[in-house]
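We use all heavy atoms of the structure for the numbers below, so side chains are in, but hydrogens, waters and symmetry mates are not.
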Amino acid sequence: MNWILSFLLNALAVVLADRLIDGIHISGILPAFMAGAALGIVNTFLRPVLVLLTLPFTMLTLGLFIFIINALTFTIASWLVPGFDVLSFGGAFWGAIITGVISWFLNLIFRESR
């Protein structure tokens with residue numbers, strides 16, 4: 001049941017990022033749910049591989065390259081979901097940051113209420 005709540009909170013975070021950033025477009029509620037699921041899958045399976053492969057760049061930039069990896073995984077999730085479009089690198093960059101912060105905050109709120 002915990003993964004369903006996490007999935008729904010990710011979808012809500014993506015919708016809020018769509019409302020806040022011009023470089024992201026979601027065409028409906030179903031693509032928002034699918035985007036939340038795609039972000040969860042990409043971050044679970046692909047992100048660790050990308051982090052490992054780019055470890056020298058991450059160390060060279062003192063960890064700032066992680067932001068580029070987050071933008072890349074956000075873009076990959078948009079490629080997988082029809083109706084979820086990321087229009088620019090800036091949209092992916094800020095969308096990943098805002099989605100991550102909102103998702104973290106919502107998870108913090110809902111975990112404390114249990």
Side-chain angles (χ1 to χ4, degrees):
M1 190 63 139
N2 191 18
W3 63 273
I4 294 174
L5 180 63
S6 178
F7 162 72
L8 292 174
L9 293 177
N10 272 343
L12 179 61
V14 170
V15 169
L16 291 174
D18 173 45
R19 300 289 181 228
L20 294 172
I21 299 172
D22 291 332
I24 301 171
H25 176 70
I26 298 176
S27 63
I29 193 72
L30 183 62
F33 286 131
M34 290 172 49
L39 278 173
I41 291 168
V42 169
N43 283 332
T44 300
F45 296 109
L46 188 59
R47 188 175 185 275
V49 174
L50 290 174
V51 168
L52 184 65
L53 291 175
T54 61
L55 191 60
F57 293 115
T58 304
M59 291 174 60
L60 185 66
T61 62
L62 301 175
L64 293 177
F65 196 74
I66 293 292
F67 290 118
I68 305 299
I69 293 172
N70 289 342
L72 182 63
T73 57
F74 199 79
T75 302
I76 291 170
S78 76
W79 292 342
L80 298 173
V81 177
F84 173 44
D85 301 312
V86 176
L87 306 176
S88 65
F89 175 77
F93 182 82
W94 290 109
I97 289 174
I98 289 176
T99 301
V101 169
I102 291 172
S103 179
W104 170 79
F105 183 69
L106 290 173
N107 279 310
L108 184 70
I109 289 172
F110 284 97
R111 284 197 181 144
E112 287 183 6
S113 66
R114 281 190 251 155

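- With rounding to the nearest 0.5 angstrom, the CG atom of Asn10 is 9.5 Å from the CG atom of Leu106.
- Residues Leu87 and Ile24 do not share a hydrophobic cluster, defined by chaining ILVMFWY side chains whose heavy atoms lie under 4.5 Å apart.
- Of all non-hydrogen atoms in Ser78 and Val86, the two that sit nearest each other are CB-CG2, 3.5 Å.
- Minimum interatomic distance between Ile21 and Gly95 (heavy atoms only, all atoms of both residues): CD1-N, 3.4 Å.
- For Ala35, the side chain to side chain contact (heavy atoms under 4.5 Å, CB included) test picks out Val14, Phe84, with sequence neighbours left out.
- Atom OG1 of Thr73 is separated from atom CG of Asn43 by 4.5 Å, given to the nearest 0.5 angstrom.
- Partners of Phe89 according to the ring pair (Phe, Tyr, Trp, His ring centres under 6.0 Å) rule, which considers only residues two or more places apart in sequence or in another chain, do not exist here.
- Both Leu80 and Met34 belong to a common hydrophobic cluster when Ile, Leu, Val, Met, Phe, Trp and Tyr are linked at side-chain heavy-atom distances under 4.5 angstrom.
- Minimum heavy-atom separation, Ser103 to Ala13: N-CB, 3.9 Å.
- Partners of Trp104 according to the side chain to side chain contact (heavy atoms under 4.5 Å, CB included) rule, which considers only residues two or more places apart in sequence or in another chain, are Leu108.
- There is no path of hydrophobic side-chain contacts, each under 4.5 Å, that joins Val15 to Ile4.
- In this structure, CD1 in Ile26 is found 8.0 Å from CZ in Arg19, a value given to the nearest 0.5 Å.
- Checking side-chain atoms of Thr54 against main-chain N and O of Phe57 turns up no donor-acceptor pair under 3.5 Å.
- When all heavy atoms are compared, the tightest approach of Ala11 to Ala32 is CB-O, 3.6 Å.
- Hydrophobic clustering, with ILVMFWY side chains joined whenever heavy atoms are under 4.5 angstrom apart, groups Trp79 together with Phe93.
- Between atom CD1 of residue Ile76 and atom CG of residue Leu39 there is a gap of 10.5 Å, rounded to the nearest 0.5 Å.
- Applying the side-chain hydrogen bond (donor to acceptor under 3.5 Å, both in side chains) test to Asp18 and every residue at least two apart in sequence or in another chain returns nothing.
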Can I get a per-line list of side-chain donor-acceptor pairs under 3.5 Å for residues 62-72, giving both atom names and the distance, sequence neighbours left out?
| unit_1 | atom_1 | unit_2 | atom_2 | d |
| --- | --- | --- | --- | --- |
| Asn70 | OD1 | Arg47 | NE | 2.9 |
| Asn70 | OD1 | Arg47 | NH2 | 3.1 |

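- Here the CZ atom belonging to Phe105 is positioned 10.0 Å from the CZ atom belonging to Phe110, to the nearest 0.5 angstrom.
- The shortest non-hydrogen separation linking Ser6 to Asn107 is CA-OD1, 4.4 Å.
- Residues satisfying the side chain to side chain contact (heavy atoms under 4.5 Å, CB included) test with Asp22, not counting sequence neighbours, are none.
- Taking CG of Leu55 as the start and CG of Leu50 as the end, the distance is 12.5 Å to the nearest 0.5 Å.
- Considering every non-hydrogen atom in both Pro56 and Leu53, the closest pair reads CD-O, 4.0 Å.
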